[in-house]
Structures are given as structure tokens and as C-alpha cells.
Protein chains: 2
Amino acid sequence: MATVTRTLGFAVLGLLAKQPRTGYEISRAMQRPVGYFWSAGHSQIYPELAALEADRLVRSTIISGPGPRDTKRYAITARGSSSLTTWLKSPVPPETYKDELMLRVWSLWLLSPDDARELVREVRAEHLAALDAYAFEDQEFTHGRERITDPAAPAFGEYATLRYGMLRRRASVEWCDWLLTQLSEHGNETT
Amino acid sequence: MATVTRTLGFAVLGLLAKQPRTGYEISRAMQRPVGYFWSAGHSQIYPELAALEADRLVRSTIISGPGPRDTKRYAITARGSSSLTTWLKSPVPPETYKDELMLRVWSLWLLSPDDARELVREVRAEHLAALDAYAFEDQEFTHGRERITDPAAPAFGEYATLRYGMLRRRASVEWCDWLLTQLSEHGNETT
DNA sequence: GAATACATGTAATCCGTTACATGATTCT
DNA sequence: AGAATCATGTAACGGATTACATGTATTC
């Protein structure tokens with residue numbers, strides 16, 4: 001029973017497993033991607049919280065606050081925790097990854113070498129910028145007091161996803177460099 | 001003014017830029033991800049082709065075939081080609097990447113070290129399997145007769161996206177190995 | 001004769017984004 | 001006084017997946 005299938009629900013439960021929060025705090029947290037790989041707008045969060053509460057996976061208490069409506073603080077329930085860990089242990093679905101950038105690269109042969117290089121340089125710059133931001137957050141982690149090597153501490157999962165983001169971006173930059181070399185070396189061979 | 005905003009439209013145009021195809025052939029091609037990073041079902045393709053034809057970005061000729069309806073072969077028009085290259089040269093949108101696997105890892109601290117390792121091993125196996133498939137296709141490219149180093153040949157873009165897939169999967173496997181080390185080294189310290 | 005591949009569409013549903021809507025508190 | 005932030009919701013729209021629907025040609 002207690003069937004949350006929506007992935008968003010598990011993202012919210014994952015946040016609430018660390019500490020109770022208001023809907024606003026959750027939507028704040030999910031504007032920048034949670035775990036660097038999941039984001040959602042506030043218009044998704046509030047209905048999702050209502051659905052989770054209807055399933056008794058979270059519980060809310062009304063606290064006073066500004067605005068035309070009551071401010072509610074949400075906390076995960078025992079049911080919610082077990083639903084979350086059950087999901088974690090369920091088989092991982094095959095990855096379906098859509099990347100508009102790669103779709104563009106796939107048709108790159110239609111562009112002139114100059115235009116192609118321009119596109120790849122733009123992509124490279126974006127990956128580098130992201131890498132910088134990640135490196136900064138990495139320093140905050142390693143110089144901070146959070147126990148990032150303890151697999152039972154909340155910061156562990158967060159740090160692991162950050163590591164992945166850094167690796168992925170670094171690989172992307174290397175690939176851009178390889179592609180730029182290809183475009184320069186063979187760019188003026190044919191007509 | 002010939003306005004395709006749908007990314008799917010450009011995926012279809014990208015396929016038709018290489019050669020004319022029927023709707024069925026396009027949907028076949030897009031079941032396995034095009035350029036390794038974009039896929040679509042047939043129920044998306046047929047309405048999209050109709051929309052592209054209404055915008056005169058593709059043109060169809062009826063050919064006889066099986067089934068209750070006419071079989072149509074689609075070809076890209078000059079308008080379609082210029083629409084596609086305009087899109088290629090337009091600014092790349094910031095990457096929004098959703099990864100359910102990473103969302104799970106983010107909550108990994110809730111699992112026992114054993115269960116956590118199990119999850120990571122599963123993820124690792126999937127990346128390795130994909131890497132094997134990519135390596136096979138890589139051999140077909142490099143041992144084949146297609147001119148993959150000529151930036152003006154259709155195979156160039158395809159090969160570039162394959163390279164990216166390989167790099168990304170390899171980075172993912174390395175990250176899984178790092179995570180498994182972390183889980184083993186620090187897995188039994190606390191509690 | 002049955003199963004699979006060929007071939008093309010529509011409908012229902014779900015998920016996510018953007019826009020609409022309201023109003024208090026805090027900071028400059 | 002005005003802007004930004006806090007705070008919570010609904011509505012409209014668009015893209016994607018799943019299910020519904022139909023029927024031929026080929027292969028086992």
C-alpha cells in the first residue's frame with residue numbers, strides 16, 4: 001500500500017528525512033538541483049506535499065507566518081521513511097537520458113567548421129562554469145565540519161552526488177577539447 | 001514564419017537531413033536513442049511529422065505499403081534544412097539534467113552499508129553493460145568505411161556523440177568504484 | 001495457422017513549466 | 001514608500017508515455 005510512484009515524492013521525502021521543513025523551504029531547496037541532479041518548481045511541490053500527506057507519508061503542523069494562508073511545517077512519518085527506503089532498494093530503472101546538446105552535435109556535420117567550433121566552445125564554457133561552481137562547493141564540504149566520509153551521515157549522499165557532477169563535467173570538457181581538435185585538424189580537408 | 005520550437009521536430013529533421021524515410025523508419029530509429037541521447041515513441045512521431053509538413057519543413061510522397069493506411073515517405077525541404085541549421089546556431093539552453101539514480105544516491109545514507117553497496121553495484125553493472133555496447137559500435141565505426149573524421153560527413157556527428165557516451169559511462173564506472181571504496185572503508189565505523 | 005514485423009494513427013494520462021493570484025514582513 | 005523576500009496555492013499549457021485501435025505481409 002502507500003503507493004507513491006512519482007519520483008518527485010521521493011525527492012521531497014529525501015529532503016524531509018534530513019529535517020522538517022515548510023513547503024517554501026522545500027521549494028527553495030529544489031530550485032537549485034537537489035543532489036545536483038533533480039529540481040522542481042514550487043507549483044509542483046505544494047500539490048505533492050498534499051498528496052504525500054493524504055498517503056500519511058508526511059505530517060504537517062500549522063505554524064504562524066506571513067501571507068494569506070497558514071504556514072505549515074512538514075515532517076516525514078515512519079510510513080514515509082519506510083516508503084523511501086523501500087524505493088531505494090527497488091530495482092533501478094534503465095537510464096533514459098535526454099540531452100539537447102548531443103542532439104545538436106549529432107547534426108553538427110551540417111554546419112561549417114567555424115560555426116561548429118563556435119557551438120562546441122559555447123558548450124565547453126558552460127561545462128567549465130559548472131565545474132567551477134562545483135569546485136567551490138567541494139571546498140565547502142572538505143573544509144567544513146560535516147562528516148562526508150561517514151556513510152550514515154546525511155552529508156555523505158550529498159557529497160557523493162557532487163563528486164559525480166564534477167567527474168561528469170570534467171569528462172565533458174575533455175570531450176569538447178577532443179571535438180575541437182577534430183574540427184581543426186580535419187576541418188578544411190574537403191570542399 | 002516556420003516556427004518549430006519543439007526539440008523533437010529538430011530530432012526528426014536531423015534524421016531526414018541524412019536521407020528520406022517513412023514515419024515507421026523514423027520511429028524505429030528513435031526507439032534506440034538517436035545520437036545516444038534522444039528517443040521518442042511512434043505516437044509522438046506521427047503527429048510531429050504532420051506538424052512539420054504543415055509548416056512545409058518536410059514533404060511526403062505516398063508509396064504503396066501494407067496496413068490500413070497509406071505509407072508515406074518523408075523528405076526534408078530547403079525550408080526544413082535552413083530551420084535546422086538556424087536552430088543549431090541558436091544559443092544553447094542551460095543544461096537541466098534529471099537523474100533518478102543520483103536522487104537515490106543522495107538518500108544513500110539511509111541504507112545499511114550492505115544495501116548501499118548493492119545499489120551502487122547495480123548501477124555500476126548498468127554503466128558497464130552500456131559501455132560494452134558502445135565499444136562494439138565504436139569498432140563498427142572505426143573498422144567501417146564511414147568517414148568519421150570528416151566534419152562534413154553525416155557519420156561525424158554520430159561518432160562524436162558515441163565518443164561522449166563512452167566517456168560519460170567510463171566516468172560513471174570510475175565514480176561507482178570510488179563510492180564502493182568509500183562504503184567499504186568507512187562502512188563499519190559508527191553506531 | 002500463429003507469430004512477428006510492417007505500418008499509421010488517436011486517446012487518456014502524467015509530469016513539468018509558466019503564468020496567474022494573494023498578501024504579510026523585512027530591509028533599504 | 002518601495003523592493004525584496006517570505007509564503008501558499010491554482011490554472012493553463014505542452015511534452016512524453018502508455019494504451020487503444022486497425023490491418024497487411026512475411027516468416028516459421
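Proteins come first, then strands; the chains are lettered A, B, ... in the order of their sequence lines, and each starts at number 1.
For residues 161-176 of chain A, the pairs satisfying salt bridge (charged side-chain N to carboxylate O under 4.0 Å, His left out) are A:Asp138-A:Arg163, A:Arg168-B:Glu95, A:Arg169-B:Glu95, with sequence neighbours left out. Residues in residues 10-35 of chain A take part in these salt bridge (charged side-chain N to carboxylate O under 4.0 Å, His left out) pairs, two or more places apart or across chains: A:Lys18-A:Glu158.
Following rounding to the nearest Å, A:Glu53 (CD) and D:dG9 (C1') show an atom-to-atom distance of 15 Å. When rounded to the nearest whole Å, the span between CG of A:Asp70 and P of D:dA7 equals 13 Å. For A:Glu48 and C:dG16, the CD to C1' distance is 12 Å, given to the nearest whole Å. Rounded to whole Å, the distance from CG on B:Leu49 to C1' on C:dT8 is 11 Å. Rounded to a whole Å, the CZ atom of A:Arg28 is 14 Å from the P atom of D:dA4. Going from atom CZ of A:Arg73 over to atom P of D:dC6 covers 14 Å, rounded to whole Å. In this entry the distance linking OH of A:Tyr97 with C1' of D:dA16 reads 18 Å, nearest Å. Rounding to whole angstrom units, CD of residue A:Gln31 and C1' of D:dA7 are separated by 13 Å.
Through direct or relayed side-chain contacts under 4.5 Å between Ile, Leu, Val, Met, Phe, Trp and Tyr, B:Ile62 connects to no other residue. Clustering of Ile, Leu, Val, Met, Phe, Trp and Tyr by side-chain heavy atoms under 4.5 Å joins B:Tyr24 with B:Tyr46.
Side-chain nitrogen and oxygen atoms of A:Tyr24 include none within less than 4.0 Å of the OP1 or OP2 phosphate oxygen of D:dT8. Within the structure, every side-chain polar atom (N or O) of B:Lys72 is placed at least 4.0 Å from both OP1 and OP2 of C:dA7.
Between A:Tyr97 and B:Tyr97, the ring center distance clears the sub-6.0 Å criterion.
Under the salt bridge (charged side-chain N to carboxylate O under 4.0 Å, His left out) criterion, B:Arg124 pairs with B:Asp177, not counting sequence neighbours. Remark: A:Pro91 engages B:Glu122 in a side chain to side chain contact (heavy atoms under 4.5 Å, CB included) (not counting sequence neighbours). Remark: A:Gln44 pairs with A:Leu8, A:Ala40 by the side chain to side chain contact (heavy atoms under 4.5 Å, CB included) rule, at least two apart or across chains.
The rotation axes computed at either terminus of the helix from C:dG1-D:dC28 to C:dT28-D:dA1 lie 30° apart, taking five pairs at each end and rounding to 10 degrees.
Against DNA chain D, the stretch residues 37-47 of chain B makes heavy-atom approaches under 4.0 Å through B:Trp38, B:Ser43, B:Gln44.
Residue B:Ser27 is the one, among B:Ser27 and B:Lys98, whose nearest nucleotide of DNA chain C lies closer to the 5' end (criterion: closest heavy atom).
In summary, A:Arg6 and A:Glu48 engage in a salt bridge, as defined by a charged side-chain N under 4.0 Å from a carboxylate O.
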